[in-house]
Amino acid sequence: MKTDLDCLFCKIIAGTVPSDQVYSDDQVIVFKDINPKAPVHLLIVPRDHIISLNELENNHDKLIGHIMRLLPKLAKEQGLDNGFRTIINTGRGGGQIVFHLHIHLLGGKEHLGGF
Ligand code: AMP
Ligand code: ZN
(Lines give C-alpha, C1' and ligand atoms only; values in the text may rest on other atoms or scores of the structure.)
(Ligands and ions follow the chains in the order given, each with its own letter.)
Protein backbone atom coordinates (compact mmCIF):
# COMPACT_ATOMS: atom_id res chain seq x y z
CA MET A 1 0.00 0.00 0.00
CA LYS A 2 1.46 3.37 -1.06
CA THR A 3 1.72 6.40 1.19
CA ASP A 4 2.95 9.96 0.52
CA LEU A 5 4.37 11.83 3.51
CA ASP A 6 3.40 15.18 1.94
CA CYS A 7 -0.23 14.15 1.32
CA LEU A 8 -2.90 15.57 3.66
CA PHE A 9 -5.13 12.49 3.47
CA CYS A 10 -2.16 10.14 4.04
CA LYS A 11 -1.42 12.20 7.17
CA ILE A 12 -5.04 11.80 8.30
CA ILE A 13 -4.80 8.03 7.67
CA ALA A 14 -1.54 7.92 9.68
CA GLY A 15 -3.23 9.90 12.47
CA THR A 16 -0.71 12.77 12.39
CA VAL A 17 -3.47 15.17 11.25
CA PRO A 18 -6.74 14.91 13.19
CA SER A 19 -10.09 14.10 11.57
CA ASP A 20 -13.66 13.45 12.64
CA GLN A 21 -13.68 9.79 11.68
CA VAL A 22 -16.98 7.91 11.30
CA TYR A 23 -15.81 4.58 9.81
CA SER A 24 -12.61 2.65 9.19
CA ASP A 25 -11.61 -0.76 7.87
CA ASP A 26 -8.54 -2.36 6.28
CA GLN A 27 -9.16 -0.65 2.91
CA VAL A 28 -10.69 2.77 3.62
CA ILE A 29 -11.25 5.43 6.21
CA VAL A 30 -14.26 7.75 6.27
CA PHE A 31 -14.31 11.15 7.95
CA LYS A 32 -16.39 14.32 7.93
CA ASP A 33 -15.47 17.01 5.40
CA ILE A 34 -13.98 20.00 7.24
CA ASN A 35 -16.04 22.40 5.09
CA PRO A 36 -19.39 20.61 4.71
CA LYS A 37 -21.61 21.50 1.72
CA ALA A 38 -24.63 19.67 3.18
CA PRO A 39 -25.79 18.52 6.65
CA VAL A 40 -24.04 15.20 5.97
CA HIS A 41 -20.76 15.48 4.04
CA LEU A 42 -18.38 12.55 4.35
CA LEU A 43 -15.18 11.68 2.50
CA ILE A 44 -14.48 8.03 1.72
CA VAL A 45 -10.71 7.67 1.36
CA PRO A 46 -8.75 4.55 0.33
CA ARG A 47 -5.82 3.83 2.65
CA ASP A 48 -3.70 3.35 -0.48
CA HIS A 49 -2.32 6.65 -1.84
CA ILE A 50 -4.04 6.67 -5.26
CA ILE A 51 -3.90 10.18 -6.72
CA SER A 52 -7.18 10.16 -8.67
CA LEU A 53 -9.44 8.07 -10.91
CA ASN A 54 -6.77 8.56 -13.61
CA GLU A 55 -4.35 6.40 -11.63
CA LEU A 56 -6.69 3.42 -11.07
CA GLU A 57 -5.39 0.03 -12.21
CA ASN A 58 -6.87 -3.46 -12.55
CA ASN A 59 -5.71 -4.41 -9.06
CA HIS A 60 -7.92 -1.66 -7.59
CA ASP A 61 -11.18 -3.27 -8.80
CA LYS A 62 -11.85 -4.96 -5.45
CA LEU A 63 -11.30 -1.68 -3.57
CA ILE A 64 -13.64 0.23 -5.88
CA GLY A 65 -16.33 -2.44 -5.52
CA HIS A 66 -15.90 -2.28 -1.76
CA ILE A 67 -16.34 1.51 -1.75
CA MET A 68 -19.45 1.39 -3.99
CA ARG A 69 -21.09 -1.15 -1.68
CA LEU A 70 -20.07 0.80 1.42
CA LEU A 71 -21.64 4.09 0.26
CA PRO A 72 -25.32 3.11 0.74
CA LYS A 73 -24.48 1.55 4.12
CA LEU A 74 -22.85 4.79 5.29
CA ALA A 75 -25.79 6.81 3.90
CA LYS A 76 -28.23 4.63 5.85
CA GLU A 77 -26.16 4.97 9.03
CA GLN A 78 -26.26 8.76 8.60
CA GLY A 79 -30.06 8.66 8.29
CA LEU A 80 -30.13 9.64 4.61
CA ASP A 81 -33.36 7.77 3.89
CA ASN A 82 -34.38 10.07 1.01
CA GLY A 83 -31.21 9.51 -0.96
CA PHE A 84 -27.70 10.84 -1.21
CA ARG A 85 -25.20 12.29 -3.67
CA THR A 86 -21.71 11.04 -4.48
CA ILE A 87 -19.08 13.21 -6.17
CA ILE A 88 -15.56 12.40 -7.37
CA ASN A 89 -13.47 15.34 -8.56
CA THR A 90 -10.64 14.34 -10.90
CA GLY A 91 -7.73 16.63 -11.75
CA ARG A 92 -7.54 20.40 -11.43
CA GLY A 93 -10.05 20.85 -14.25
CA GLY A 94 -12.46 18.62 -12.31
CA GLY A 95 -12.14 20.68 -9.15
CA GLN A 96 -9.82 18.27 -7.32
CA ILE A 97 -7.93 20.03 -4.52
CA VAL A 98 -6.59 17.08 -2.52
CA PHE A 99 -4.64 14.70 -4.78
CA HIS A 100 -5.50 11.49 -2.96
CA LEU A 101 -8.59 9.75 -4.38
CA HIS A 102 -11.74 10.36 -2.34
CA ILE A 103 -15.47 10.06 -2.81
CA HIS A 104 -17.75 12.76 -1.41
CA LEU A 105 -20.99 11.51 0.16
CA LEU A 106 -23.54 14.30 0.65
CA GLY A 107 -27.10 14.48 1.86
CA GLY A 108 -29.56 15.73 4.42
CA LYS A 109 -30.89 18.74 2.55
CA GLU A 110 -34.46 18.38 1.31
CA HIS A 111 -33.20 18.87 -2.25
CA LEU A 112 -29.57 19.08 -3.22
CA GLY A 113 -30.54 20.34 -6.69
CA GLY A 114 -29.52 18.75 -9.96
CA PHE A 115 -27.01 19.57 -12.62
P1 AMP B 1 -11.72 17.87 -3.68
O2 AMP B 1 -12.07 19.19 -4.29
O3 AMP B 1 -12.61 16.76 -4.19
O4 AMP B 1 -10.25 17.54 -3.76
O5 AMP B 1 -12.15 18.01 -2.18
C6 AMP B 1 -11.29 18.05 -1.09
C7 AMP B 1 -12.16 18.14 0.12
O8 AMP B 1 -11.36 17.92 1.26
C9 AMP B 1 -12.86 19.50 0.29
O10 AMP B 1 -14.28 19.32 0.33
C11 AMP B 1 -12.31 20.00 1.63
O12 AMP B 1 -13.28 20.69 2.40
C13 AMP B 1 -11.87 18.71 2.31
N14 AMP B 1 -10.82 18.86 3.28
C15 AMP B 1 -9.66 19.58 3.16
N16 AMP B 1 -8.90 19.45 4.26
C17 AMP B 1 -9.59 18.64 5.12
C18 AMP B 1 -9.34 18.13 6.43
N19 AMP B 1 -8.22 18.42 7.11
N20 AMP B 1 -10.28 17.32 6.98
C21 AMP B 1 -11.41 17.04 6.34
N22 AMP B 1 -11.70 17.46 5.09
C23 AMP B 1 -10.81 18.26 4.49
ZN1 ZN C 1 -2.25 10.26 0.14
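For ligands, and for the atoms within them, numbers begin at 1 and follow the listed sequence. Numbering starts at 1 and runs along the sequence shown. Worth saying up front: this structure is predicted, and the values here are computed from it rather than measured.
Using a 4.0 angstrom heavy-atom cutoff, Ser19 does not count as in contact with ligand 1. Not a single heavy atom of Lys37 sits closer than 4.0 Å to an atom of ligand 1.
Protein heavy atom nearest atom 14 (N) of ligand 1, with residue, atom name and distance: Ile34 CG2, 3.8 Å. Annotation: atom 4 (O) of ligand 1 to nearest protein heavy atom, Ile97 N, 2.7 Å. Considering only non-hydrogen protein atoms, atom 11 (C) of ligand 1 sits nearest to Asp33 OD1, 3.4 Å. In terms of protein heavy atoms, atom 16 (N) of ligand 1 is closest to Leu8 CD2, 3.3 Å. Here the heavy atom of the protein found nearest to atom 6 (C) of ligand 1 is His102 NE2, 3.6 Å.
Between His41 and His104, the ring planes are tilted. Angles from 30° to 60° get that label.
Below 4.0 Å from some heavy atom of Asn35 lie the following atoms of ligand 1, by number and element: 12 (O). Each of the atoms 21 (C) of ligand 1 lies under 4.0 Å from some heavy atom of Lys32. Of all atoms in ligand 1, listed by their number and element, those nearer than 4.0 Å to a heavy atom of Asn89 are 1 (P), 2 (O), 3 (O). Near Phe9, meaning under 4.0 Å from any of its heavy atoms, are these atoms of ligand 1: 8 (O). Short contacts between ligand 1 and Gly95, defined as distances under 4.0 Å to a heavy atom of the residue, involve ligand atoms 1 (P), 2 (O).
Contact of the Leu42 side chain with the Val22 side chain is registered, since non-hydrogen atoms from C-beta on lie closer than 4.5 Å. In this structure the side chain of Ser24 never reaches within 4.5 angstrom of the side chain of Phe31, judged on heavy atoms. Looking at Val45 and Ile12, their side chains never come closer than 4.5 Å, going by heavy atoms from C-beta outward.
When each of Asp33, Ile103, Leu105 is checked for a side-chain contact (heavy atoms from CB on, under 4.5 Å) with Leu43, only Asp33 meets the rule.
Looking at Pro18 next to ligand 1, no N or O pair under 3.5 Å apart turns up.
Shown are the protein N/O/S atoms under 2.8 Å from the Zn ion (ligand 2), given by residue and atom: Cys7 SG, Cys10 SG, His49 ND1, His100 ND1.
By the 6.0 Å contact criterion, CG on Asp4 is enclosed, its count of non-hydrogen atoms from other residues, nucleotides or ligands being greater than 12.
When all heavy atoms of Arg47 and Ile29 are compared, the closest pair comes out as NH2-CG2, 3.2 Å.
Taking the side-chain contact (heavy atoms from CB on, under 4.5 Å) definition, one finds that Glu77 meets it with Leu74, sequence neighbours left out.
Side-chain rings of His102 and His100 stay apart, their centers remaining 6.0 Å or farther from each other.
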Inset, instruction - Please step through side chain to side chain contact (heavy atoms under 4.5 Å, CB included) for the pair Leu56 and Leu101, ending with a clear verdict. - result: CA-CA 9 Å; Leu56 280 180; Leu101 179 65; 4.2 Å; yes

